Engineer: 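Got a structure for you, questions after.
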Amino acid sequence: MFKIAVLVSGNGSNLEALIDACKNDVIKGSIDIVISNNPNAFGIERAKKYSIKCKIIDNKRFQTREEFDQAIVEELNNCDPDLIVLAGFMRILTPVMIHAFKNKIINIHPSLLPKYPGLNTHKSVIENQDSSHGVTIHFVNEVLDGGKIIAQGEISVYSSDTLESLKTRIHAIEHVMLPMVVSKFADGTINTKKVIYEKFK
Ligand code: GAR
């Protein structure tokens, strides 16, 4: 069975989309562990509802980012995942984590990378009066939001759009894209050596 680990920091709606896709056999795999750095992440409640193993590793308990990452690595090593999905995980990973799971970590980011790496992407789109916005799923490497792109989805931006309306429409395409991409990892259509760039619109 293809083993998936999901890391979350907050709401966990993308996690829920992955859980649904595993339940419905869209993803031929199982979510073996959900890890959160935030003890209050709603994503943890979502995972518990489905009896998925959860682990809270609070970054505030660690002196350095590297020590925090090492604790995550140790937890992940226990379940030996085939794929690690950052689904709204709001910590920057250090080489400790990236090297331990080289080419096994993917991230979903709410912008059309390389535009707007980092935070507040919806705000940047509105401030710059962009006419399009989107989502990128990419491998994680040492460069923040800079790894190889696996899939992108685009939405139009209207003058009436607000932070909330963009967030809602971005979430809607994320919930389709992320399960689709993870299903392709699980069935072997995508791997590090064979990335099929997908464009959703
Ligand atoms: C998602 O929109 C995801 O793209 C974004 O956080 C949100 C999490 O939503 N990720 C990042 O900003 C990473 N830099 P969720 O908790 O409801 O899945």
Side-chain angles (χ1 to χ4, degrees), residues 4-23 26-27 31 33-50 52 54-59 65 68-69 72 83-94 97-98 105-127 130 132-155 157 161-182 198-200:
I4 303 159
V6 184
L7 274 55
V8 300
S9 294
N11 178 35
S13 67
N14 279 288
L15 165 67
E16 182 114 25
L18 291 174
I19 294 172
D20 279 348
C22 288
K23 268 202 324 199
V26 171
I27 296 173
I31 298 175
I33 188 165
V34 172
I35 298 178
S36 178
N37 64 304
N38 171 10
N40 301 316
F42 186 59
I44 290 291
E45 301 309 315
R46 295 187 198 254
K48 279 188 183 155
K49 206 168 70 192
Y50 297 96
I52 296 170
C54 296
K55 183 83 190 181
I56 290 163
I57 302 179
D58 186 345
N59 55 288
R65 284 181 187 276
F68 168 66
D69 277 12
I72 297 181
L83 185 69
I84 298 159
V85 182
L86 309 185
F89 186 65
M90 306 308 276
R91 305 294 305 167
I92 295 173
L93 299 184
T94 69
M97 171 85 179
I98 291 164
I105 313 173
I106 64 169
N107 179 44
I108 184 159
H109 180 77
S111 82
L112 292 172
L113 291 171
K115 225 173 179 185
Y116 309 137
L119 298 174
N120 302 320
T121 61
H122 307 322
K123 188 162 173 264
S124 303
V125 163
I126 290 179
E127 280 174 1
D130 291 352
S132 63
H133 186 23
V135 173
T136 303
I137 298 174
H138 63 94
F139 282 102
V140 174
N141 66 8
E142 287 87 347
V143 180
L144 177 66
D145 298 323
K148 189 168 184 173
I149 293 177
I150 301 162
Q152 287 190 311
E154 194 174 326
I155 61 167
V157 180
D161 266 318
T162 61
L163 289 180
E164 267 316 301
S165 68
L166 285 183
K167 188 173 157 192
T168 302
R169 293 214 309 291
I170 286 292
H171 262 139
I173 61 167
E174 288 186 332
H175 299 163
V176 176
M177 283 174 63
L178 190 57
M180 201 173 285
V181 165
V182 173
E198 297 256 6
K199 181 138 188 175
F200 297 78

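Just follow the structure's listing: the first ligand is 1, and inside any ligand the first atom is 1. All values derive from a computational prediction rather than experimental measurement. What you see below is based on every heavy atom in this structure, not just the backbone, and it leaves out hydrogens, waters and symmetry mates.
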Engineer: Could you check whether any side-chain N or O of S124 sits under 3.5 Å from a backbone N or O of Y116, counting only pairs where one atom can act as donor and the other as acceptor?
Structural biologist: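 Not at all, since once roles are kept as given, no pair shorter than 3.5 Å links the two residues.
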
Engineer: Considering the heavy atoms of G88, write down every atom of ligand 1 situated less than 4.0 Å from one of them.
Structural biologist: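 Listed by number with element, the hits are 6 (O), 8 (C), 10 (N).
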
Engineer: Is any side-chain heavy atom of D20 closer than 4.5 Å to one of Y50?
Structural biologist: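 Yes. Closest side-chain heavy atoms under 4.5 Å.
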
Engineer: Between H109, E174, H171, R91, flag the one that comes closest to atom 4 (O) of ligand 1 by a heavy atom.
Structural biologist: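 Shortest heavy-atom distance from atom 4 (O) of ligand 1: E174.
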
Engineer: Check this for me - ligand 1, N11, N or O atoms closer than 3.5 angstrom, yes or no?
Structural biologist: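 Checking ligand 1 against N11, an N or O pair does fall under 3.5 Å apart.
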
Engineer: Donor-acceptor pair, D145 side chain versus G118 backbone, under 3.5 Å?
Structural biologist: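 Looks like yes, one N/O pair under 3.5 Å.
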
Engineer: Considering only protein heavy atoms, which is closest to atom 17 (O) of ligand 1, and at what distance to one decimal place?
Structural biologist: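 Protein heavy atom with the smallest distance to atom 17 (O) of ligand 1: S13 OG, 2.5 Å.
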
Engineer: If you measure every N or O of D145 against every N or O of ligand 1, does any of those distances drop under 3.5 Å?
Structural biologist: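 No, no N or O pair falls under 3.5 Å.
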
Engineer: Report the member of G118, S9, P110 with the shortest heavy-atom distance to atom 5 (C) of ligand 1.
Structural biologist: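 Going through G118, S9, P110 one by one, P110 has the nearest heavy atom to atom 5 (C) of ligand 1.
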
Engineer: Who's the nearest protein heavy-atom neighbour of atom 16 (O) of ligand 1, and how far?
Structural biologist: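 Of the protein heavy atoms, G12 N, 2.7 Å lies nearest.
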
Engineer: Starting at CD1 of I108, measure out to CD of E174 and round the result to the nearest 0.5 Å.
Structural biologist: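 CD of E174 is found 4.0 Å from CD1 of I108.
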
Engineer: Contact between ligand 1 and E16 is defined here as a heavy atom of the residue under 4.0 Å from a ligand atom; is it met?
Structural biologist: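 No; E16 lies far enough from ligand 1 that no heavy-atom distance drops under 4.0 Å.
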
Engineer: Please identify each residue that fulfils side chain to side chain contact (heavy atoms under 4.5 Å, CB included) with L86, with sequence neighbours left out.
Structural biologist: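 Here the qualifying residues are L7, I84, F89, L93, I105, N107, V140.
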
Engineer: Touching ligand 1 at all, I108? Heavy atoms, strictly under 4.0 Å?
Structural biologist: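 I108 counts as a contact of ligand 1 under the 4.0 Å cut-off.
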
Engineer: With side-chain contact (heavy atoms from CB on, under 4.5 Å) as the criterion, how do V8 and R46 come out once you've worked through the C-alpha distance, each side chain's angles and the decisive distance to 0.1 Å?
Structural biologist: CA-CA 11 Å; V8 300; R46 295 187 198 254; over 6 Å; no

Engineer: Please could you name the atoms of ligand 1 that M90 approaches to less than 4.0 Å, counting only its heavy atoms?
Structural biologist: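 Listed by number with element: 11 (C), 12 (O), 13 (C).
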
Engineer: Pair M177, M180 - check side-chain contact (heavy atoms from CB on, under 4.5 Å), show working.
Structural biologist: CA-CA 5 Å; M177 283 174 63; M180 201 173 285; 5.7 Å; no

